[in-house]
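Below you'll find the structure, written out as structure tokens, and then a few comments.
Numbered from 1 within each chain, the chains take letters A, B, ... in sequence-line order.
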Protein chains: 2
Amino acid sequence: MAYRRTPKMQGRIDAAREQILTAAHRLVAEAGYGGTAIPDVAKAAGVSTGSVYTHFPSKTALFSEVYQRAARHEIEVFREVADTKGTPRERLTQMVETFARRALAGRKLAWALLVESVNEEIDADRMRFREPYRAIIEDVINEGIKADEFVVQDAKVTSMCIVGAIVETLVRPLSRAQQADEEERLVCNLIQVCLRSAGPIMR
Amino acid sequence: MAYRRTPKMQGRIDAAREQILTAAHRLVAEAGYGGTAIPDVAKAAGVSTGSVYTHFPSKTALFSEVYQRAARHEIEVFREVADTKGTPRERLTQMVETFARRALAGRKLAWALLVESVNEEIDADRMRFREPYRAIIEDVINEGIKADEFVVQDAKVTSMCIVGAIVETLVRPLSRAQQADEEERLVCNLIQVCLRSAGPIMR
DNA sequence: TTAAGGATTGAACTCCAGTTCATTCTTTCT
DNA sequence: AGAAAGAATGAACTGGAGTTCAATCCTTAA
């Protein structure tokens with residue numbers, strides 16, 4: 001034998017892998033999955049096309065990892081907000097606002113993560129990306145029910161609806177930027193609708 | 001000159017065009033846009049591949065028309081429900097239920113119309129497909145506000161949210177069928193959430 | 001220093017859905 | 001009937017995205 005993988009070598013490999021992931025992330029944030037070709041990623045990462053395939057078995061696999069990383073980070077942020085002090089109602093407000101504002105701040109990425117549909121595998125990733133948001137919202141709603149702040153309800157369905165409401169409200173702004181005050185209005189009203197969705201019925 | 005288009009001839013051309021549209025509709029309802037190739041459509045319509053292109057300039061154009069037709073019909077049904085007798089609250093209930101049940105009855109088609117994303121042009125069609133639903137819901141909400149049944153609100157945003165809520169709730173069931181009672185539960189709860197979204201805030 | 005093992009390269013290849021077009025078939029009008 | 005114009009045909013083409021692989025470069029261990 002005349003070659004063995006040393007820590008130093010491993011470091012370079014890992015670094016290259018990181019470069020590729022970072023570049024892919026950046027390009028997705030600029031052009032979405034569909035608008036990003038592997039040769040572009042390679043160029044942006046400073047490696048060759050073929051090299052990408054020594055690190056990832058396919059485009060789908062690479063982007064799947066990109067999505068999962070971005071998702072994990074976003075969801076951490078979201079969970080932190082959900083865990084801050086305040087009544088369930090106050091926290092839900094914060095959560096919806098955070099979700100909306102972060103999405104609008106990184107439009108294209110949010111669009112890629114939330115709605116861009118490309119193939120079944122990536123679609124599955126997107127579903128998986130939405131699910132944690134839903135679950136966190138569900139928890140807060142259930143706390144609100146216990147605290148008599150929200151009416152007794154199927155928190156699972158309500159949380160689904162809230163995720164759907166947020167996404168639907170944001171789809172258009174995410175595709176093409178609106179006027180700032182228009183977006184402001186949207187976010188405020190979105191919060192109101194979400195609160196009502198979870199809130200008690202008045203008869 | 002030795003040829004002019006006679007009514008008889010025009011009839012055949014129109015018939016072929018119809019055949020193609022019908023076949024395309026059927027195939028979309030079975031496999032979605034992405035799962036339907038032009039040669040398949042041609043075969044199903046009993047014409048040649050090339051013939052499809054004498055009737056439609058591109059696959060996108062053909063399916064755009066398929067979508068628009070399906071949309072027009074669905075929206076007519078929806079509008080009828082919106083125009084039936086009853087309080088805004090009752091009507092909104094009927095509307096959500098109709099939307100949900102019709103979507104579940106024609107899963108794949110609903111999926112193609114509502115969420116399958118393929119290219120920008122078709123995406124735009126899908127947006128256009130959702131918009132009338134939203135507008136109809138908006139009208140009913142505004143009536144409800146006038147009737148003091150719903151709290152004063154931005155009905156545009158609420159209607160967006162309701163559309164989003166419905167779609168989000170249905171996405172999973174549309175992809176893979178759930179148990180019947182599970183779907184029943186979903187629809188019932190969905191209606192409740194939508195009513196609350198539009199309903200008055202209790203404080 | 002040198003040979004072997006592994007990583008990297010990027011031009012070329014594959015694959016395939018959408019589209020084309022030379023040919024054939026139909027219809028119309030003289 | 002015959003010629004002209006249009007419609008239909010479907011095998012072949014095309015373009016572009018994802019992927020491959022023979023050649024090359026680098027690293028390690030003797």
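In the model, A/Q68 has a side-chain atom that pairs as donor or acceptor with a side-chain atom of A/S64 under 3.5 Å.
Between the P atom of D/dG6 and the NE2 atom of B/H55 lies a distance of 16 Å, rounded to the nearest Å. Put simply, CG on A/D40 is 15 Å from P on C/dG10, counting in whole angstrom units. In this structure, CG of B/N119 is placed 10 Å from P of C/dG18, rounded to the nearest angstrom. Atom P of nucleotide C/dT19 and atom CZ of B/F56 are separated by 13 Å, given to the nearest angstrom. In this structure, CZ of A/R4 is placed 18 Å from P of C/dA4, rounded to the nearest angstrom. C/dG6 atom C1' lies 8 Å from atom CZ of A/R5, rounded to whole Å. Between B/I20 atom CD1 and D/dA7 atom C1' there is a gap of 12 Å when expressed in whole angstrom units. Residue A/I13 contributes atom CD1, which lies 17 Å from atom P of C/dG5 at whole-angstrom precision.
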Please report, to 0.1 Å, the donor-acceptor pairs under 3.5 Å made by any side chain of residues 168-176 of chain A, with sequence neighbours excluded.
| from | atom 1 | to | atom 2 | distance (Å) |
| --- | --- | --- | --- | --- |
| A/E168 | OE1 | B/R130 | NH1 | 2.2 |
| A/E168 | OE2 | B/R130 | NH1 | 3.3 |
| A/T169 | OG1 | A/A165 | O | 2.6 |
| A/S175 | OG | A/V171 | O | 2.9 |

Side-chain donor-acceptor contacts of residues 76-87 of chain A below 3.5 Å, not counting sequence neighbours, with atom names and distances?
| from | atom 1 | to | atom 2 | distance (Å) |
| --- | --- | --- | --- | --- |
| A/T84 | OG1 | A/V81 | O | 2.7 |
| A/T87 | OG1 | A/E90 | N | 3.1 |
| A/T87 | OG1 | A/E149 | OE2 | 3.3 |

Let me have the donor-acceptor pairs involving side chains of residues 13-20 of chain A, under 3.5 Å, with sequence neighbours excluded, atom names and distances please.
| from | atom 1 | to | atom 2 | distance (Å) |
| --- | --- | --- | --- | --- |
| A/D14 | OD1 | A/Q10 | NE2 | 2.9 |
| A/R17 | NH1 | A/H55 | O | 3.3 |
| A/R17 | NH2 | A/E65 | OE1 | 2.7 |
| A/R17 | NH2 | A/E65 | OE2 | 2.5 |
| A/E18 | OE1 | A/R69 | NH2 | 3.2 |
| A/E18 | OE2 | A/R69 | NH1 | 2.8 |

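Qualifying ring-ring contact (aromatic ring centres under 6.0 Å, His included) partners for A/F129, counting only residues two or more places apart in sequence or in other chains: A/Y133. Taking B/T36 as the reference, nothing meets the side-chain hydrogen bond (donor to acceptor under 3.5 Å, both in side chains) condition, with sequence neighbours excluded.
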Taking protein heavy atoms under 4.0 Å as touching, what does nucleotides 9-26 of chain D look like 5' to 3' if B marks base contact, S marks sugar-phosphate-only contact and - marks none? BB-------SBB-----S
